[in-house]
There are 4 protein chains.
Amino acid sequence: MTASVSQPLAVGLIGAGGMGTRHAVNLHRFVPGARVAAVYDLDADRAAHAAAQSGGGPVCDDPLQLIQDPAVDAVLIASPDDTHARLTLACLAAGKPVLCEKPLATGVADAAAVVEAEAALGRRLISVGFMRRFDAEHVAVRSAAHSGAIGAPLLFKGVHRNATAAFGVTGATILINSAGHDLDSARWMLSAEVAEVRVRGLRSRADLHADTRDLLAVELAFAGGALAVIEVFVNAGYGYEVTAELVCQSGTAVSQQPDRALVRAQGQRGFPVPSDWLSRFQEAYVIELTEWVASIREGRAFTGASAWDGLAAMTVTNACIQALTSGAVTPVQLPQRPGLYEPVNNAAAP
Amino acid sequence: MTASVSQPLAVGLIGAGGMGTRHAVNLHRFVPGARVAAVYDLDADRAAHAAAQSGGGPVCDDPLQLIQDPAVDAVLIASPDDTHARLTLACLAAGKPVLCEKPLATGVADAAAVVEAEAALGRRLISVGFMRRFDAEHVAVRSAAHSGAIGAPLLFKGVHRNATAAFGVTGATILINSAGHDLDSARWMLSAEVAEVRVRGLRSRADLHADTRDLLAVELAFAGGALAVIEVFVNAGYGYEVTAELVCQSGTAVSQQPDRALVRAQGQRGFPVPSDWLSRFQEAYVIELTEWVASIREGRAFTGASAWDGLAAMTVTNACIQALTSGAVTPVQLPQRPGLYEPVNNAAAP
Amino acid sequence: MTASVSQPLAVGLIGAGGMGTRHAVNLHRFVPGARVAAVYDLDADRAAHAAAQSGGGPVCDDPLQLIQDPAVDAVLIASPDDTHARLTLACLAAGKPVLCEKPLATGVADAAAVVEAEAALGRRLISVGFMRRFDAEHVAVRSAAHSGAIGAPLLFKGVHRNATAAFGVTGATILINSAGHDLDSARWMLSAEVAEVRVRGLRSRADLHADTRDLLAVELAFAGGALAVIEVFVNAGYGYEVTAELVCQSGTAVSQQPDRALVRAQGQRGFPVPSDWLSRFQEAYVIELTEWVASIREGRAFTGASAWDGLAAMTVTNACIQALTSGAVTPVQLPQRPGLYEPVNNAAAP
Amino acid sequence: MTASVSQPLAVGLIGAGGMGTRHAVNLHRFVPGARVAAVYDLDADRAAHAAAQSGGGPVCDDPLQLIQDPAVDAVLIASPDDTHARLTLACLAAGKPVLCEKPLATGVADAAAVVEAEAALGRRLISVGFMRRFDAEHVAVRSAAHSGAIGAPLLFKGVHRNATAAFGVTGATILINSAGHDLDSARWMLSAEVAEVRVRGLRSRADLHADTRDLLAVELAFAGGALAVIEVFVNAGYGYEVTAELVCQSGTAVSQQPDRALVRAQGQRGFPVPSDWLSRFQEAYVIELTEWVASIREGRAFTGASAWDGLAAMTVTNACIQALTSGAVTPVQLPQRPGLYEPVNNAAAP
């Protein structure tokens with residue numbers, strides 16, 4: 001890592017859509033020790049807009065040039081999913097730390113190639129944007145379970161609801177785009193790998209496409225015996241909500257919603273529900289970036305998800321897609337984990 | 001029904017263990033229009049004790065005599081499970097209303113025989129003690145979903161945790177004794193019959209018998225397409241807790257715990273958890289008995305569970321036992337529902 | 001008390017408005033060991049309606065005759081406030097147990113006369129309808145504090161909100177009709193008598209009468225040093241809500257709302273708020289009547305509020321009315337408590 | 001403000017106790033655009049420790065030199081209360097922005113002198129550390145009330161509990177050190193000035209000093225008619241907790257505790273209570289510093305508390321001290337507010 005402590009880390013952003021722009025603004029406003037040094041997007045106007053909102057750095061017209069630019073210390077990838085693997089490999093080639101939005105790749109082979117390349121390089125440069133690992137509520141659940149006070153975790157229960165999805169959304173899309181987070185949460189919370197999966201799906205309304213399965217019940221069995229059940233409902237209507245529970249040997253811990261104020265009005269005592277993940281996980285995104293920048297500046301491993309975690313999530317996702325089609329219990333075949341990915345203490349930074 | 005309005009209903013109790021004694025005391029202290037008219041238990045001392053606590057009525061030394069006794073208007077069965085079918089049939093033969101604790105029988109054939117006998121008789125005399133149908137929290141969930149305000153129910157999510165179970169408890173015992181309630185809740189909440197089941201089980205602690213499966217994940221698919229996932233954990237350690245949630249097309253309703261006071265003490269803000277179902281469902285037991293007595297006195301159908309519900313629960317339970325052993329998705333084969341059991345409005349009485 | 005155990009207690013109802021009719025129906029449907037034996041109301045149609053809904057007993061055209069009727073064992077008074085003292089005295093004269101809705105009288109002198117008459121009689125016949133003493137949430141708060149686990153109570157905090165009040169409602173009316181319950185709660189929770197009061201009031205909206213004070217902050221200081229602060233807001237708009245908290249030496253206990261189901265819908269996670277006290281306290285009214293009937297049938301003291309409690313509440317109310325007018329700290333002058341009212345264990349019956 | 005956007009703001013810290021060190025570490029780790037440029041503490045070891053934890057900047061042996069040092073752009077004062085006014089005046093003299101921990105001064109005259117000096121200078125350099133104005137829960141309550149959806153605020157209700165206080169703590173100390181925050185919250189939430197106060201106090205345990213008043217009930221009346229009631233209990237035993245509620249014309253908003261996970265264990269469902277304000281308000285302290293730094297770098301007014309707010313809080317505190325002694329309703333005499341302090345939009349920065 002070449003950035004000296006006295007200079008802010010120069011971060012290049014690839015992809016200036018909603019997520020990328022959010023990252024740029026967060027980096028600029030809330031993350032110490034870093035600055036947005038360059039922005040690329042296929043749409044140059046979008047890139048210019050994100051740059052303007054995050055310190056006014058230069059716009060770049062080629063993502064590979066951005067990666068290779070000596071003025072860029074580290075790279076943040078928030079471009080379309082099918083570019084992730086290729087760009088991440090380019091970062092490896094350039095020897096630059098990279099935080100890649102999930103998924104690491106759109107297929108298992110591509111994700112495996114990234115892992116192999118990093119393992120061959122022999123040092124950890126890749127981080128994957130499973131931001132829930134930095135969400136205070138998720139961290140509290142994992143900490144409560146891992147404290148030993150309620151015994152070993154046996155069962156992970158996840159809930160993931162989106163207000164609405166595109167009309168023709170397929171089960172595969174839901175599994176890749178939404179459930180990926182839950183699959184990572186389950187692995188991270190249980191500290192174990194998935195051995196087999198089963199997925200049931202239903203169509204929530206008769207006016208949706210006949211093949212739509214917008215409510216999924218995902219069931220996981222883990223090496224070591226733990227189980228997981230995950231509800232993913234992308235047309236839940238009322239808003240966006242994520243919950244994680246760990247049922248342990250003598251107690252349970254369940255994440256709360258970050259409700260700030262109870263409001264009483266019009267015959268109701270209630271809490272507003274966020275409309276999407278950007279508002280729900282705003283603090284987690286900031287903590288994730290803060291930890292990523294600090295880990296680079298301090299020359300230590302990122303405490304969040306690694307390329308291995310990205311590959312594992314993709315492999316389980318793939319098995320889930322097959323399982324949804326077949327209706328059958330489907331085994332998950334992970335390659336041997338390279339030694340590079342020996343778990344470090346992956347509690348989130350304080 | 002022969003009891004005149006001016007005379008309290010004379011109820012004979014068969015079985016004076018914990019549940020039966022609780023029913024007797026509840027009937028005596030909290031239910032208008034009825035009295036405990038006779039008590040039978042294999043253990044005469046136990047019978048005498050229950051009688052003494054519930055108005056001092058006579059003890060009877062034969063359950064069939066109790067059923068036939070002209071001084072007994074209606075019968076409450078809380079004896080061991082394997083006596084339920086036979087005693088219920090005797091009540092039918094005597095033409096007397098009966099509230100039988102669940103399960104209606106210990107096997108599907110026996111339960112089917114009871115249903116057939118009642119159908120042949122052509123009038124509804126049998127009620128089954130699924131008391132959750134009278135629990136204010138469960139009723140509120142079902143009412144919220146059935147109000148139409150959040151769309152049709154799609155997914156039932158149940159949680160059923162006991163503090164501890166006997167050392168050698170088998171999955172079959174858990175499915176019969178504990179999960180029966182949840183299977184009834186799912187059917188009742190979704191107003192549909194189960195088509196197939198899958199059950200996964202795990203052993204929560206290494207010091208339990210190797211064959212023990214004390215944490216079960218039960219998955220149901222319903223005719224019409226709805227789903228259910230139910231956690232049944234009989235060694236949850238921290239206490240007794242039941243939760244029911246209906247995920248609907250545009251919202252969800254989830255039962256709350258009947259927390260009376262929040263207590264702040266010693267670094268904690270919290271609520272006590274009940275130790276067992278008798279305290280958790282005390283009000284539901286009283287409402288159930290009150291409604292049962294009122295339905296008899298008013299000559300109308302009981303709004304709770306029928307013999308058909310008892311048969312359906314037993315049939316699903318049986319399929320679950322097979323599914324736990326085989327690991328496979330297992331179909332549920334219900335007989336044709338006799339016309340006698342056309343659903344009435346089964347909202348609990350106000 | 002002359003009612004034999006085998007005969008239901010014959011209760012005469014005086015006053016068949018909303019509250020009286022509710023009591024009659026509750027007695028008929030939910031309270032064992034009693035029946036509605038006669039109903040009086042100035043409006044004979046209303047009396048007939050209440051009688052029809054509660055078992056069809058006879059309507060009576062004179063309240064004093066009802067009290068003296070040998071067919072009436074006990075009397076329930078829910079007539080207008082200014083009749084309470086006179087009718088209660090008539091019950092004393094007839095030697096009949098009476099449950100009088102609060103307030104016991106509309107003035108301190110009248111309430112004191114009732115207490116003196118009962119003390120002269122030398123036995124407790126009068127109960128006062130402070131139903132919160134039987135509300136599960138209130139009982140849990142008091143029990144938690146009195147368990148010793150969180151030290152002695154120091155401060156009572158009450159909240160009492162009504163959705164709307166009549167346009168011209170005066171502070172005095174609020175103090176008599178609404179705050180009376182809170183004053184009793186504070187006394188009961190703290191097991192102490194009020195020594196002085198201060199009341200501040202404000203008008204919640206500019207379109208109310210200039211003299212209206214519909215939001216009151218009532219402050220009490222107790223003999224022994226404990227304090228109370230009570231918010232009474234009769235135009236709170238959003239619904240009806242009551243909360244009671246006891247701040248103790250090492251912890252606090254605060255009543256929860258009886259929320260049955262959490263509903264997620266339309267961008268909100270919330271609970272419905274009851275519109276009035278009849279729905280909020282329905283269970284408490286039933287438990288109160290059940291305990292009242294049981295105490296009479298068992299020949300023991302009622303565990304709820306006594307005539308002394310009624311006099312004390314009225315005396316404090318009166319001081320509050322003066323305090324609201326004067327703005328000053330106002331002492332409360334209670335007479336010597338007759339020995340008849342030595343506290344019994346006033347925990348609510350289980 | 002002379003710091004260019006490209007250089008981090010150089011912040012000098014005066015006072016390296018618990019609070020000051022926390023600020024230094026927060027600035028170093030979590031606040032972009034700033035660095036700890038110098039640290040002073042009377043105890044040089046403490047200063048060195050804080051400097052080492054926050055980037056290793058130099059230790060300074062004189063606070064006035066630190067203020068005048070051209071290498072220091074802005075000053076953070078967390079030294080003992082009785083130094084606040086003098087040091088803040090020195091910052092004014094040096095023309096440097098300063099964030100002074102509350103209280104602004106230990107007496108009204110000193111606070112007024114600071115306000116006069118800043119008003120004479122004619123530009124806002126002083127910010128006061130009422131960090132609750134940046135707490136997400138407090139902001140949500142204020143926003144809900146100020147949104148107009150529940151009408152105008154009428155009554156502020158505050159709760160402020162500390163686990164334990166020093167043995168001989170006086171009411172005056174509690175009012176200055178603890179209640180100051182609540183007095184500021186009430187003013188900020190109601191957007192109004194306090195007109196009069198009344199304070200009642202009690203001693204929570206017999207083993208405390210006879211003069212101790214460790215539980216205070218503070219009552220405020222505001223210009224414009226709003227009211228406030230505030231409980232301050234510094235020996236609450238169970239932990240640290242702050243709550244703020246605004247009762248408005250048609251609804252209320254009440255702050256929630258930042259509970260991350262519900263834990264079920266050992267017969268209890270509960271949440272841990274923080275032990276002190278540093279953990280409870282960690283996020284608020286970071287947001288406060290982030291906003292302070294951003295406001296300086298952007299050359300605009302800080303959205304938190306001003307010197308005027310510091311003077312107003314001190315004036316109300318002083319009246320409360322008199323009121324606690326006298327028992328009387330005590331008027332609050334504020335000087336004319338200089339035009340410099342016209343309210344800007346003081347919603348916290350997003």
Side-chain angles (χ1 to χ4, degrees), chain B residues 135-138 141 157-165 178 182 202 204-205 214-217 230-245 252-282, chain D residues 135-138 141 157-165 178 182 202 204-205 214-217 230-245 252-282:
Chain B
D135 174 58
E137 282 75 26
H138 283 75
V141 169
K157 304 176 83 167
V159 176
H160 184 160
R161 296 177 187 146
N162 291 70
T164 52
S178 299
D182 307 291
L202 61 76
S204 72
R205 297 195 318 267
D214 54 342
L215 170 49
L216 304 182
I230 301 168
E231 171 202 337
V232 184
F233 185 13
V234 296
N235 282 313
Y238 70 91
Y240 178 81
E241 195 171 4
V242 169
T243 305
E245 180 172 11
T252 93
V254 57
S255 65
Q256 301 300 287
Q257 302 309 316
D259 298 314
R260 306 309 192 179
L262 174 73
V263 176
R264 295 166 168 99
Q266 297 180 304
Q268 183 97 350
R269 286 164 42 246
F271 305 101
V273 174
S275 54
D276 66 21
W277 56 96
L278 291 181
S279 52
R280 167 62 184 86
F281 288 110
Q282 165 62 13
Chain D
D135 175 59
E137 283 73 27
H138 283 75
V141 169
K157 303 177 84 168
V159 177
H160 184 161
R161 296 174 187 149
N162 291 69
T164 51
S178 300
D182 308 290
L202 60 75
S204 72
R205 298 194 318 268
D214 54 342
L215 170 51
L216 304 181
I230 301 168
E231 172 202 335
V232 184
F233 185 13
V234 296
N235 282 313
Y238 70 92
Y240 179 80
E241 195 172 3
V242 169
T243 304
E245 180 173 12
T252 93
V254 58
S255 65
Q256 301 300 287
Q257 302 308 316
D259 298 314
R260 307 306 192 180
L262 174 72
V263 175
R264 296 167 166 99
Q266 297 182 303
Q268 184 97 351
R269 284 165 43 246
F271 305 100
V273 175
S275 55
D276 66 21
W277 56 95
L278 290 181
S279 53
R280 168 63 184 84
F281 288 109
Q282 165 62 13

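Letters A, B, ... mirror the listed sequences (proteins, then strands); counts begin at 1. All values derive from a computational prediction rather than experimental measurement.
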Item to check | From CZ (B/R269) to CZ (D/R269), nearest 0.5 Å | outcome: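 One finds 12.0 Å between CZ of B/R269 and CZ of D/R269.
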
Next on the checklist: Distance check, rounded to the nearest 0.5 Å: D/Q268 atom CD versus B/Y238 atom OH?
Outcome noted: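 Answer rounded to 0.5 Å: 12.5 Å.
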
Item to check | Residue D/Q266 versus chain B: region with a heavy atom under 4.5 Å | outcome: backbone

Next on the checklist: Heavy-atom pairs under 4.5 Å with chain D: which of B/L262, B/V263, B/V273 has the most?
Outcome noted: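 Option with the top pair count is B/V273.
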
